Amino acid sequence: MFSKGRLIGVGFGLFALVCLLFTWDYSRGRTTQTESPLVLEVLAATKARECGRDATDIVARYLPEGMAQAEAERILATIAITPPKPWFWSPQVETATTWTGDTLEALRTIKTTAFGNNLLRMHLTFGDGKLRKLAAEVVCRFE
């Protein structure tokens with residue numbers, strides 16, 4: 001028969017193991033894997049809980065004013081991450097592009113965790129086939 005102390009010790013050990021596994025799985029979503037240098041630079045400049053951060057200066061290095069519309073759209077298409085493959089939550093990757101007249105609004109997931117996503121929202125205004133205005137910010141969505 002097990003003593004009361006031994007059962008308590010085994011219980012704490014199992015609890016610690018479960019906590020370790022959950023912590024490890026949650027942390028897997030914190031390291032974003034991407035081939036996009038734009039995403040890597042935005043993430044390097046953004047702190048974990050920094051929502052509403054202006055990222056226009058970073059995005060402007062990759063999408064300078066005067067760039068051809070087709071080239072800008074090609075660069076926007078390359079902004080993607082490889083989501084983690086956790087075992088108890090499903091990553092939500094959002095990729096949306098909306099045109100309103102000459103303005104393009106692009107929304108791309110740059111980081112996903114079990115607690116929510118960080119998104120890069122970009123507003124691009126084109127005129128005569130060239131990029132005229134650019135605004136970008138990091139947006140957080142908590143689930």
Side-chain angles (χ1 to χ4, degrees), residues 1-126 130-143:
M1 195 82 175
F2 291 107
S3 69
K4 196 181 226 182
R6 184 173 285 179
L7 286 176
I8 290 174
V10 169
F12 276 125
L14 288 174
F15 178 73
L17 181 64
V18 168
C19 288
L20 178 67
L21 286 173
F22 274 88
T23 302
W24 176 74
D25 196 50
Y26 271 122
S27 68
R28 287 175 58 186
R30 300 197 196 297
T31 305
T32 299
Q33 295 182 5
T34 182
E35 298 295 320
S36 172
L38 172 61
V39 172
L40 291 173
E41 192 170 339
V42 169
L43 287 174
T46 305
K47 296 180 184 140
R49 291 189 173 95
E50 192 173 11
C51 299
R53 181 190 193 284
D54 183 29
T56 304
D57 56 335
I58 297 169
V59 175
R61 285 186 231 140
Y62 295 90
L63 298 168
E65 285 189 26
M67 174 183 268
Q69 181 176 342
E71 180 67 15
E73 289 178 0
R74 188 192 63 74
I75 291 172
L76 288 175
T78 65
I79 299 174
I81 66 168
T82 304
K85 294 175 179 53
W87 55 276
F88 73 94
W89 61 277
S90 298
Q92 301 296 320
V93 176
E94 186 172 347
T95 301
T97 304
T98 307
W99 280 96
T100 307
D102 289 338
T103 302
L104 170 84
E105 180 182 354
L107 197 62
R108 302 288 190 265
T109 300
I110 58 173
K111 182 177 173 184
T112 182
T113 67
F115 305 109
N117 295 342
N118 286 14
L119 305 165
L120 181 62
R121 180 186 297 160
M122 297 166 283
H123 295 274
L124 295 88
T125 302
F126 295 95
K130 304 271 186 204
L131 180 62
R132 297 292 177 215
K133 292 182 191 174
L134 170 72
E137 68 177 331
V138 176
V139 181
C140 298
R141 289 200 178 151
F142 297 101
E143 298 173 15

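Model, not experiment: these values are computed from the prediction. No hydrogens, no waters, no symmetry mates; every other heavy atom, side chains included, goes into these values.
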How far does [atom1] of [X] sit from [atom2] of [Y], to the nearest 0.5 angstrom?
{"X": "Gln92", "Y": "Arg141", "atom1": "CD", "atom2": "CZ", "answer": "11.0 Å"}
{"X": "Glu35", "Y": "Ile81", "atom1": "CD", "atom2": "CD1", "answer": "12.5 Å"}
{"X": "Leu131", "Y": "Phe126", "atom1": "CG", "atom2": "CZ", "answer": "5.0 Å"}
{"X": "Lys111", "Y": "Cys140", "atom1": "NZ", "atom2": "SG", "answer": "8.5 Å"}
{"X": "Asp102", "Y": "Arg132", "atom1": "CG", "atom2": "CZ", "answer": "10.5 Å"}
{"X": "Met67", "Y": "Glu73", "atom1": "CE", "atom2": "CD", "answer": "11.5 Å"}

For residues [X] and [Y], determine if any side-chain heavy atom of one lies less than 4.5 Å from a side-chain heavy atom of the other.
{"X": "Ile58", "Y": "Leu38", "answer": "yes"}
{"X": "Ile79", "Y": "Met122", "answer": "yes"}
{"X": "Val42", "Y": "Val138", "answer": "yes"}
{"X": "Leu43", "Y": "Thr34", "answer": "no"}

Checklist entry - Which of these passes side chain to side chain contact (heavy atoms under 4.5 Å, CB included) with Ile110: Val139, Val93, Leu119, Asn118? => result Asn118
Item to check | Pair Asn117-Thr112, side-chain donor/acceptor within less than 3.5 Å | outcome: yes
Next on the checklist: I'd like to know if the side chain of Arg108 pairs up with that of Thr97 as donor and acceptor (distance under 3.5 Å, no hydrogens or angles considered).
Outcome noted: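 Yes, a side-chain donor-acceptor pair sits under 3.5 Å.
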Next on the checklist: Restricting to non-hydrogen atoms, name the atom on Leu120 and the atom on Ala136 that form the minimum distance, rounded to 0.1 Å.
Outcome noted: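 Looking at all heavy atoms of both residues, the shortest contact is CD1-CB, 4.5 Å.
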Next on the checklist: Among residues at least two apart in sequence or on other chains, which ones pass salt bridge (Lys or Arg N to Asp or Glu O under 4.0 Å) with Glu105?
Outcome noted: Arg121
Item to check | Contacts of type side chain to side chain contact (heavy atoms under 4.5 Å, CB included), residue Glu65, not counting sequence neighbours | outcome: none
